[in-house]
Amino acid sequence: QVQLEESGGDSAQAGGSLRLSCTASGFAYRVYCMGWFRQAPGKEREGVAVISPGGDDSYYTDSVKGRFTISWDGAKSTLYLQMNNLKPEDTGMYYCAADYNRRCLLEPLLFEYDYWGQGTQVTVSS
């Protein structure tokens, strides 16, 4: 059974940094996509960053390019999101997601992922 557990959410000032972690377990097959998604109050969930574990491909939504970096540590089975130069609009619940379906690579930020964590809250104040 796939389990994803996020941590690292916190409150931060604008311009600050946070690093989110997602510890994964229970994968039975190759995972083609793992990513971070966020949902702000009153808004729809959006894809933030996705990586293909073991590969070189990563994808970012435009608003975080140059500020956020997604990475995967296979030895620790942990997905990270390094968030720098945080802005108030980065506030939201951040979720880790994963999928075995190779089709996720076609639209990684929009794909409907099968496995989700419980989320970790990020709050950025100005």
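These values consider heavy atoms only, across backbone and side chains, with no hydrogens, waters or symmetry-generated copies.
Using a 4.5 Å heavy-atom cutoff, the side chains of V124 and K87 are not in contact. Residues T120 and S7 fail the side-chain proximity criterion, which asks for heavy atoms closer than 4.5 Å.
At a threshold of 4.5 Å between side-chain heavy atoms, the hydrophobic network of Ile, Leu, Val, Met, Phe, Trp and Tyr places L4 and V48 in one connected group. V122 and V64 fall within a single hydrophobic cluster, where Ile, Leu, Val, Met, Phe, Trp and Tyr are joined by side-chain heavy atoms under 4.5 Å apart, directly or via other members. The same ILVMFWY cluster, assembled from side-chain heavy atoms under 4.5 Å apart, contains both Y32 and Y59.
To the nearest 0.5 Å, atom CZ of residue F27 and atom OH of residue Y115 are 9.0 Å apart. Distance check: R67 CZ to Y60 OH gives 12.0 Å after rounding to the nearest 0.5 Å. Expressed to the nearest 0.5 Å, how far CG of D90 lies from CZ of R38 amounts to 5.0 Å. Interatomic distance, S25 OG to Q1 CD, rounded to the nearest 0.5 Å: 8.5 Å. The CD atom of E6 sits 8.5 Å away from the CG atom of L20 when rounded to the nearest 0.5 Å.
Smallest separation of non-hydrogen atoms from R30 and P53: NH2-O, 4.5 Å. The nearest pair of heavy atoms linking A24 to M34 is CB-CE, 4.2 Å. Here the closest non-hydrogen pair linking F37 and A97 is CE1-CB, 3.8 Å. The two residues S126 and P88 have their closest heavy-atom pair at CB-CG, 3.9 Å. Between L18 and G8, the shortest heavy-atom contact is CD2-O, 4.3 Å.
In terms of modelled atom types and a separation under 3.5 Å, the side chain of S58 and the main chain of I51 share no donor-acceptor contact.
E5 CD: 12 or fewer foreign heavy atoms inside a 6.0 Å radius. Surrounding CD of Q39 are more than 12 heavy atoms belonging to other residues, nucleotides or ligands, all under 6.0 Å away.
Applying the disulfide bond (SG atoms under 2.5 Å apart) definition to pairs two or more places apart or across chains, those involving residues 66-96 are C22-C96.
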Solution key, residues 68-84 side-chain donor-acceptor pairs under 3.5 Å, sequence neighbours excluded:
from: D73; atom 1: OD1; to: A75; atom 2: N; distance (Å): 3.0
from: D73; atom 1: OD1; to: K76; atom 2: N; distance (Å): 3.2
from: T78; atom 1: OG1; to: K76; atom 2: O; distance (Å): 2.8
from: Q82; atom 1: NE2; to: N84; atom 2: OD1; distance (Å): 2.9
from: N84; atom 1: OD1; to: S17; atom 2: OG; distance (Å): 2.9

Could you tabulate the donor-acceptor pairs under 3.5 Å formed by side-chain atoms of residues 99-111, not counting sequence neighbours?
from: D99; atom 1: OD1; to: N101; atom 2: N; distance (Å): 2.7
from: D99; atom 1: OD2; to: D114; atom 2: N; distance (Å): 2.8
from: Y100; atom 1: OH; to: A28; atom 2: N; distance (Å): 2.8
from: N101; atom 1: OD1; to: R103; atom 2: N; distance (Å): 2.9

